[in-house]
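So you know, we letter chains A, B, ... as the sequences are listed, proteins then strands, and number each from 1.
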Amino acid sequence: MKPYDPAKIEPKWQKKWHSSKIYRAKENTKKKKFYGLIEFPYPSGEGLHVGHIRSNTAMDIISRKRRMEGFEVLYPIGWDAFGLPAENYAIKTGTQPSTITKKNAATFRRQLKALGFGFDWSREVDTTDPKYYKWTQWIFLQMLKNGLAYKKKMAINWCPKDLIGLANEEVVDGKCERCGTPVEKKEKEQWMLAITKYADRLDKDLDTVDFEERIKTQQRNWIGKSEGAEIDFSLDFKKNPADNGRLGPDGKPTRLKIFTTRPDTIYGATYLVLSPEHLWVTLALDDAHDVLENKDEVKSYLAEVKKKSEIERTAEGKEKTGVELKGIKAINPATKEEIPIYVADYVLAHYGTGAIMAVPAHDERDAEFAKKFGLAVKRVVEPLFLDTVDKNKPLIERDAIIAIIKHWSEDRYIGLKWKKVNWQTLLTGGPDEGQSLEQGAIKEILEETGYKHPKLIKQSYTVHSKFFHAPKNVNRFAHLNIFYFQLENGEKLEIADEEKENHEVVWLTPDEMGKFLTPECHRYVWNEYQNGEAQYTGLGILVNSGPFDGRQSDEVTKEITQSVGGKSVTTYKLRDWIFSRQRYWGEPIPVIHCEKCGIVPVPEKDLPVKLPPVKNYQPTQTGESPLASIKKWVSTKCPQCKGPAKRETDTMPNWAGSSWYYLRYTDPKNAKVFAGQKNLKYWTPVDWYNGGMEHTTLHLLYSRFWHKFLFDLGLVPTSEPYQKRTSHGLILAEGGVKMSKSVGNVINPDGIVKTFGADALRLYEMFMGPFEQHISWDTNGIVGTRRFIEKVWRLQEKVVHPFTSSEATARTLHKAIKKVTEDIESMGFNTAISTLMITVNELEKIEAISRESYGTLLKLIAPFAPHVTEELWALIVNKGSIHQATWPEFDPSLIINTEATIVVQVNGKTRTSFTAALNSSKEFLETKVQELPEIKKWIEGKSIVKIIVVPGRLVNIVINELTV
RNA sequence: GGUCACGUGGCGGAAUUGGUAUACGCGCACGUCUCAGAAGCGUGUCCCGUAAGGGUUGGGAGUUCGAAUCUCCCCGUGACCACCA
């Protein structure tokens, strides 16, 4: 046996695989296809990151398994090569970004090949290749034609360091996602893509795909769909009554449209708030109108708001600011009451209608504002707590009380601990016929606690509760009035025995009480008592709401909306995509500005609009792209009128090229279309796409949007690009911090491959922890997977041919087949490898293994460690590549045990175990167990209460412990 | 602040329709091989206890014959969102 030498084996097989083209994907329509995708890397100067290896290996394993299962597999690779780092490097050194990109890609290519990934290198794509970005530009033109791309002057997020406009998705905590510089607002004409037109489908169609739940949730939250209503409030111009009933300052009838998700609280709307950017505010300040009494005050507030940065405006714990629009009042359409109107920056211009009705009793933000400005608070929803009810039983309504009873001298309160049900409550009860609630409360106190002299401090609000009352076996709909009592002294009667059996009275400090109470409504009542008037933002029973009093709030939303002439609408948090970048290293936006004809798209036959070479890559302080300074390139002819015209100098963000690259992989060389229909039909959708969580609201959402657009044009066969999406955890440096060049804790895979081999590295990256979880790098761990490979290598000495493996060996192997097969599907790579290690440890103990058995073992390991298994396969087992061999199937009869280990417990404690036939009867096990000597000593002289038998698993003997 | 995850040896982690906690790997200790070291191989390795036995899955309470797993409270960590009406 030769020693295991990965430095020799690995390059040898990499070369052979390349020349035999075994990873080339063909449009073989007779075979089932599998399209596995990883996010194509940005070829940075730092070279391949160990994180790339983890996600690439995972999909490599899945693809290899699919190939062995008989699928035609497409597992492609390419370069997402537009972007800031190359440009910044170019600014520093004067090197062409394209030159740097080519060099970096070459490094990546060499490193990826050294790891033995089964990519189809013949389909490599590069987003910066004009042959590629021709089609990126082409798709943009289709969007322009269809009204999805438009230009808009708007306040954009501007990074003063990178000198670049940012999409909302690229602003994190008010800072630039890349460099952490606080983002400023800047007015600029920008190209926009109307992703919001697809908001509803992007949300709804998540139901049709197999994405990890956390990914779906994050996308849904980002899209932020919410159902609500738009309601008009009419206005009363106090300063200038002549305007009433005529036109308002915006030239429209004197009405203000607000958006709310809680129309049910409209009777509690005590003022309106407009966002500072609201058109109505702008117009009210216009010199042409004279409707405000405090124009100057409002103007100075707006100026103040404008000065604030995004961070200041949204800072945590920031106090609410605002100003009243004096001279105008609004009429609440439900109560017909006159209410004031404010301008405040806590209302966002771009969401809903940019105006709200404020309900301080049931909204935290409104409450804060109302408190500061001394505005009216009107409670219209009484809390309702829904517990599980028994649907087969009627709901019995009754008035009742909850009493908080304070000790006569100490800061302690009465809690009741119920014995039959698992409740811990405040005192509750109800009046008898003819009694008042207060009398009922006093009676309950006497009956349940014995105390004779409660003094009423206060009767407060009401809460409601629907629940199943187990002791009386009915559903209750209780209207609970809250009473505060203090006892005057400790004088008490002995309480009746039957009450004693029901519950125990305990005196608790406020702290203890907080932890003691179990029912939600009791906890609410207690918190409110502790913290004073609390916000209630949940659903409940309406009060002070005219005809809707007594109704459940969530059930009357539509009715109330209609009653005030409102309209049900759906809104989204998602905003349109800012598509312009004032940068050099991106796809030029293929548009020409003509003085006569305006914006003219570049004719498709003139695509691609190529990036010209430039001397200076520095962005201009004015926020224009470096392209603007190349006069020769900028000046051109208008395609329509042939007159003088200028090229658009903005470029696309680097999310553009990645929005459709998976389509290009299916037909990467096509010069006529972005991808041919035949190939698209065969390969799409992507069957399995793995990538990082950081792309969930950016790349993943953007590419779904582009795909849906292409689908609507009939250019792609499916409405969703990716059938399945999973996410890997990041690899962190030792100590759980991010790997970064500046800290110097980046792991270079080249060194690892050299010392341990690519196979050991691949195995380690998959073994180190759960795939979806973040995990710290530990170079020491690779020793373990290297030893594992050496063990597999040494097993070759045990192979005997011809020979038949024992049944025990077969059982071991078939269990491994089952576990590994299932674990790969669920991305449980760490447990799959652990199973393989256990299997190899088992095989080491036996004398001889058949060639077939060894082959099976190698096949299971092949996706993880492709080189060493290929070598051993060629050496010991068979001709041809192991990666084209058939994936083993397990024999169910070899999985099922005929014997089972039965655990024997006494009072739940494990005492011994024994083996018995799997199908042993309960009766047999029951008797057998009592005969075991290890058990006899535990049960001797004690009476057996019962015996619990779980066939095939365990027996638990419950005995009477010696008490006293 | 909100939402959702998660918390298991010296370390990474395994075990989830509730049924032998600590699989697998790293590390460590001892042994073996060696002139010696490395690598390899073998044995051991949750805690207390000589043993019998007892204890242990962030802390506390509960449900259960039986809880790492289910429920409640508290503590801690992480991710996402963050004035979205």
Quick one: which of [options] gets closest to the side chain of [X]?
X      : options                : value
A:F259 : B:rA85, B:rG66, B:rG13 : B:rA85
A:W222 : B:rG25, B:rA85, B:rC81 : B:rC81
A:D345 : B:rC83, B:rC26, B:rU20 : B:rC83
A:S834 : B:rA23, B:rG12, B:rC65 : B:rA23
A:K946 : B:rC24, B:rA85, B:rC65 : B:rC65
A:D778 : B:rA85, B:rC26, B:rC24 : B:rC26
A:Q905 : B:rG19, B:rG25, B:rA85 : B:rG19
A:T910 : B:rU20, B:rC73, B:rC24 : B:rU20
A:V347 : B:rA85, B:rC24, B:rC26 : B:rA85
A:Q218 : B:rC80, B:rC26, B:rG13 : B:rC80

Same-atom distance ([atom1]) from [N] to [M], integer angstrom:
N      : M      : atom1 : answer
B:rG13 : B:rG60 : P     : 24 Å
B:rG55 : B:rC11 : P     : 24 Å
B:rA51 : B:rC72 : C1'   : 42 Å
B:rG1  : B:rC48 : C1'   : 45 Å
B:rU8  : B:rU16 : C1'   : 14 Å
B:rU69 : B:rC6  : P     : 12 Å
B:rA52 : B:rG44 : C1'   : 23 Å
B:rC83 : B:rA14 : P     : 36 Å

Answer with base, sugar-phosphate or nothing: what part of the nucleic acid does [X] contact at a heavy-atom distance below 4.0 Å?
X      : answer
A:K320 : base
A:I948 : base
A:R214 : nothing
A:I258 : nothing
A:S913 : nothing
A:R220 : nothing
A:N956 : base
A:R911 : sugar-phosphate
A:T901 : base
A:K573 : base

salt_bridge([X], [Y]) N-O dist < 4.0 Å:
X      : Y      : value
A:E765 : A:R762 : no
A:E790 : A:R786 : yes
A:E926 : A:K922 : no
A:K372 : A:E319 : yes

Give a yes or no on whether the backbone of [Y] and the side-chain of [X] come within a donor-acceptor separation of less than 3.5 Å.
X      : Y      : answer
A:T353 : A:K257 : yes
A:R214 : A:S727 : yes
A:W222 : A:L701 : no

Rounded interatomic separation in angstrom, taking [atom1] from [X] and [atom2] from [N]:
X      : N      : atom1 : atom2 : answer
A:M837 : B:rG12 : CE    : P     : 17 Å
A:I775 : B:rG25 : CD1   : P     : 16 Å
A:K922 : B:rG19 : NZ    : P     : 17 Å
A:R787 : B:rC24 : CZ    : P     : 15 Å
A:H362 : B:rA85 : NE2   : P     : 17 Å
A:L954 : B:rA21 : CG    : C1'   : 15 Å
A:M693 : B:rA79 : CE    : P     : 12 Å
A:Y572 : B:rA85 : OH    : P     : 13 Å

Legend entry - Earlier contact from the 5' end, RNA chain B, for A:K819 and A:G781: A:K819
Legend entry - First of A:G908 and A:V903 reached from the 5' end of RNA chain B, by closest nucleotide: A:V903
Suppose we define a pair by two distances each less than 3.5 Å, Watson-Crick or G-U wobble; what does [N] pair with here?
N      : answer
B:rG1  : B:rC81
B:rG10 : B:rC26
B:rU57 : none
B:rU50 : none
B:rC65 : B:rG19
B:rU34 : none

Side-chain N or O of [X] versus OP1/OP2 of [N]: is the shortest distance under 4.0 Å?
X      : N      : value
A:R794 : B:rC41 : yes
A:Y351 : B:rA85 : yes
A:N830 : B:rA23 : no
A:R953 : B:rG18 : no
A:S226 : B:rA85 : yes

Inset, instruction - Pull up the glycosidic torsion of B:rG42 and say syn or anti, syn being anything within 90° of 0. - result: anti
Legend entry - Crowding at NZ, A:K818 (>12 non-hydrogen neighbours, <6.0 Å): no
Inset, instruction - Kindly check if the number of other-residue, nucleotide or ligand heavy atoms within 6.0 Å of CD (A:E825) is above 12? - result: yes
Inset, instruction - For the residue pair A:T265 and A:S553, establish whether any side-chain heavy-atom pair is separated by less than 4.5 Å. - result: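 SC-SC contact between A:T265 and A:S553 ruled out.
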